[in-house]
Number of protein chains: 2
Amino acid sequence: MAPNVRYSASKENHLKAIFHLQQEHGIVTTNALAAALQTRPASVTDMLKKLKDQKLLIYERYKGFKLNNEGRKAALQVIRKHRLWEYFLVKKLQFGWDEVHEIAEELEHIASKKLIDRLDAFLGFPEADPHGDPIPDSQGRLQTRRQINLAQLPLGKVAQVSGIASQTSEMLELLQYNHIRLGTRLEIKKKFPFDESLEVKVRNRPPVTLSARVAKNVLVNDDEPITERR
Amino acid sequence: MAPNVRYSASKENHLKAIFHLQQEHGIVTTNALAAALQTRPASVTDMLKKLKDQKLLIYERYKGFKLNNEGRKAALQVIRKHRLWEYFLVKKLQFGWDEVHEIAEELEHIASKKLIDRLDAFLGFPEADPHGDPIPDSQGRLQTRRQINLAQLPLGKVAQVSGIASQTSEMLELLQYNHIRLGTRLEIKKKFPFDESLEVKVRNRPPVTLSARVAKNVLVNDDEPITERR
DNA sequence: ATTAAATTTTAGACAAATCTAAAAATAAAA
DNA sequence: TTTTATTTTTAGATTTGTCTAAAATTTAAT
């Protein structure tokens, strides 16, 4: 059994941020990573050299970079830890889903793999964190689910909220106000072409209107409901 | 409300170790602290200067040192976190009491006070960790309990195990083998003056013999049973 | 195809935490 | 009470992660 491979908290943060950025853009740039980590491009370059020496990423001067297999594995372990701790904080310690991120940023750097696997079991092997982001399994496999945003959902088709793209507290507050949260089943009653706003219906509630801006940030599952239900 | 005052993990480790050492010896020496932290006396001196500058301890060159009020408060918060996490690991994640120390050494440095107070509530405000050491409350108050070691227990008086002084895995293994753990009610049936060994009886079990060495490391409550029972 | 602008990297510095080796202070022994 | 031994501190170096300012490279614009 591989012992707990340890990377510093800073390295783990870099790996995680690179992972997220390359999901969107394929290749990652120094400036983009510096912005994501709230640090300086020069600092990023310093760290990239170390990560390259440790064979965690593919990197050539001035040409951008991305994780190799080893780096992706490491990033996924950190993401797994982050999301499991978030789930724990919300489901067991009664935190609001909008206040757990910072604490999870710290907890995700606790090394013990055994701890995380036990926590996973204790929580009942959840598939997604409180924001709807999927949790990688013990081997680091990330199940990808087909998500579309609410603006793309056809009129009259019921779908279940499975993620929130922009997780600002303002956004979360707005959704809370409209009784929309993870797992909520909803249906588009009307689309207004003028401003692309939507009238949305949640069961047992009066219909509400959502702006295009909001709708694009609400992700719903295209197909079947997410598994983790009952 | 005071925001989370943050000390580095290393500083917290120093504070905690000083606290424990001064419990026993009143004043703490550089060498003793270096030994406890597995580091070098020179490194301890370096850190002491910083802690003194932050007004966490009373320190004069060459004369030993101890925590002041501020330092003691900080140390107790770390100890509270350590012991609550240990309790969580054993009671919720099914870890053995002999394997939780190292993980708790990491978890104790997570800053959020809200997290710890929520965890405390989630666990039902336990009074002692899995080794029987008392858990400071949210204000850092440490309830001291009257403990004696098993060798001091009078013949025939039933007492309840409330702590283990030497928590080596060898010791814990031996106790486990003899079905002695926290909360176990036991009674001394016979004392052998030759080697000061004891014959000890646990309810529903055949009597076992414990060496003086072991007996001195098993702490029992003098008086009433510890509160945290049912 | 040059020039200008933006991006990225290097060079050199700094803070935190640690170390080794040597010096200073204190304690113990002859 | 000297001398010796032990303890503690200082001086100077090292590692990790970060920074600023300047140089190198790439990209965009005229």
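Labels below follow one simple rule: chain letters A, B, ... track the order of the sequence lines, proteins then strands, and each chain is numbered from 1.
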Next item on the list: Start with the C-alpha distance between B/Glu127 and B/Arg141, add both sets of side-chain angles, then the distance that settles salt bridge (Lys or Arg N to Asp or Glu O under 4.0 Å), and finish with yes or no.
Entry: CA-CA 11 Å; B/Glu127 301 202 347; B/Arg141 284 182 297 248; over 6 Å; no
Item checked: A/Lys11 side chain, from C-beta outward: closest of D/dG17, C/dT8, C/dT10 -> D/dG17
Check: Is it true that the NZ or CZ of B/Arg72 lies under 6.0 Å from the centre of B/Phe19's six-membered ring and within 45 degrees of the ring axis?
Finding: no
Note to self: Just to be sure I understand the rule, does A/Lys50 reach a base, reach only the sugar-phosphate, or reach nothing, if contact means heavy atoms closer than 4.0 Å?
What the structure shows: base
Item checked: Listed nucleotide nearest any side-chain atom of A/Tyr62, set D/dT8, C/dT10, D/dT26 -> D/dT26
Next item on the list: Could you please name the option among D/dT8, C/dA17, D/dG17 that lies closest to any side-chain atom of B/Thr30?
Entry: D/dT8
Margin query: C/dT20, OP1 or OP2 - any side-chain N/O from B/Arg40 closer than 4.0 Å?
Written below: yes
Notebook entry, point to check: Which nucleotide in the list C/dT8, D/dT9, D/dC19 gets nearest to the side chain of A/Ser43?
Noted result: D/dC19
Item checked: Approximate separation, where rounding is to 0.5 Å, of B/Met47 CE and B/Leu57 CG -> 11.0 Å
Next item on the list: Considering just the side-chain nitrogens and oxygens of A/Arg61, establish if one lies under 4.0 Å of OP1 or OP2 belonging to C/dT10.
Entry: yes
Item checked: Nearest to side-chain heavy atoms of A/Lys49, which nucleotide of C/dT18, D/dG17, C/dT10 -> C/dT10
Margin query: Counting the atoms with a prime plus P, OP1 and OP2 as sugar-phosphate, which does B/Tyr59 contact under 4.0 Å by heavy atoms, base, sugar-phosphate, or nothing?
Written below: sugar-phosphate
Item checked: 5'-most by nearest nucleotide on DNA chain D - A/Thr39 or B/Lys63 -> B/Lys63
Next item on the list: Identify whether the distance between the nearest side-chain nitrogen and carboxylate oxygen of B/Glu105 and B/Lys81 falls below 4.0 Å.
Entry: no
Note to self: Judged by each residue's nearest nucleotide on DNA chain D, which is more toward the 5′ side, B/Leu48 or A/Asp46?
What the structure shows: B/Leu48
Next item on the list: Take atom NZ of B/Lys52 and atom C1' of D/dT10, then tell me their distance rounded to the nearest Å.
Entry: 14 Å
Margin query: As a test of reading the structure: which of C/dC19, D/dT8, D/dG17 is closest to the side chain of A/Ser8, going by heavy atoms?
Written below: D/dG17
Notebook entry, point to check: Picking from C/dT8, C/dT10, D/dT8, which would you name as closest to the side chain of B/Asn31?
Noted result: D/dT8
Notebook entry, point to check: Do we get B/Lys92 above B/Phe122's six-membered ring, with its NZ or CZ under 6.0 Å from the centre and within 45° of the axis?
Noted result: yes
Notebook entry, point to check: Given C/dA17, D/dT8, D/dT18, which nucleotide is nearest the side-chain atoms of A/Ser10?
Noted result: D/dT18
